[in-house]
Amino acid sequence: NAGVTQTPKFRILKIGQSMTLQCTQDMNHNYMYWYRQDPGMGLKLIYYSVGAGITDKGEVPNGYNVSRSTTEDFPLRLELAAPSQTSVYFCASSLPGGGTDTQYFGPGTRLTVL
Amino acid sequence: GENVEQHPSTLSVQEGDSAVIKCTYSDSASNYFPWYKQELGKRPQLIIDIRSNVGEKKDQRIAVTLNKTAKHFSLHITETQPEDSAVYFCAATPMDSSYKLIFGSGTRLLVRP
């Protein structure tokens, strides 16, 4: 299993541009999450999903959108990028009730907005 | 909502010494408390977790203790090694969701050889 994969690894955006961060997991996990990690800070939950077709806001959802059309994929959309969205973005997945609540993280996408 | 505070923000220890990182949480209904380790430039990885029905859990050199009354939990690393150097994050589940995690701000641990 590849686990949780994310693309791209790095991206530089200009203010006002849009982009989609891709996340895919091959562990058949129902639950998926998007976090952002600012330099020297902890992880803040942006959006999460408990299954295909179901998404909900986390702690810091403003400026982002998500969709979950399949169990495997959970893309994060940035509209009208702003410098405040410069961060490292991590996708994660888990299978609560499967004997563990462990969240498995992807390798991250480092985004810079100039 | 749930709030998790983590201390200290940085910790430097001599190789072989013990390291202790402490977290407090605000939601008395929280029942799951994982610890993640993040090496420089890498993804966070779970190292140990504890549930509210257990007071202590050990895994080799790593242990976690939970005090529900005081609403705090701690990570203990004994016989530290240079490869333990990393950022450690605690987390807790908020009352309104057992599968969301609220993370602390992290502790940068440096083990001096």
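Each chain gets a letter, A, B and so on, in the order the sequences are listed, and its residues count up from 1. Computed from a predicted structure; not experimentally measured.
- Interface remark: B/Pro44 contributes backbone and side-chain atoms alike to the contact with chain A (heavy atom separation under 4.5 Å).
- Between chain A and the options B/Gln6, B/Arg108, B/Lys42, B/Gln38, the largest number of non-hydrogen pairs under 4.5 Å is found for B/Gln38.
- Between A/Arg11 and A/Thr109, the side chains place no donor N or O within less than 3.5 Å of an acceptor N or O (distance only, hydrogens not considered).
- With a threshold of 4.5 angstrom between heavy atoms, A/Tyr33 approaches chain B through side-chain atoms but not through N, CA, C or O.
- Using a 4.5 Å cut-off between heavy atoms, A/Leu45 contacts chain B through its side chain alone, with no backbone atom that close.
- A donor atom on one side chain and an acceptor atom on the other are not found under 3.5 Å apart for B/Thr78 and B/Arg61.
- Between B/Phe103 and A/Tyr35, the ring-plane angle classifies as perpendicular under the 30° and 60° cut-offs.
- The part of A/Glu59 that comes within reach of chain B is its side chain, from C-beta onward, which places non-hydrogen atoms under 4.5 angstrom from that chain.
- Using a cutoff of 4.0 Å between basic side-chain nitrogens and carboxylate oxygens, B/Arg51 and B/Asp49 are not scored as salt-bridged.
- No single ILVMFWY cluster, assembled from side-chain heavy atoms under 4.5 Å apart, contains both A/Val50 and A/Val66.
- Neither the backbone nor the side chain of B/Gln45 comes within contact range of chain A; no heavy atoms are under 4.5 Å apart.
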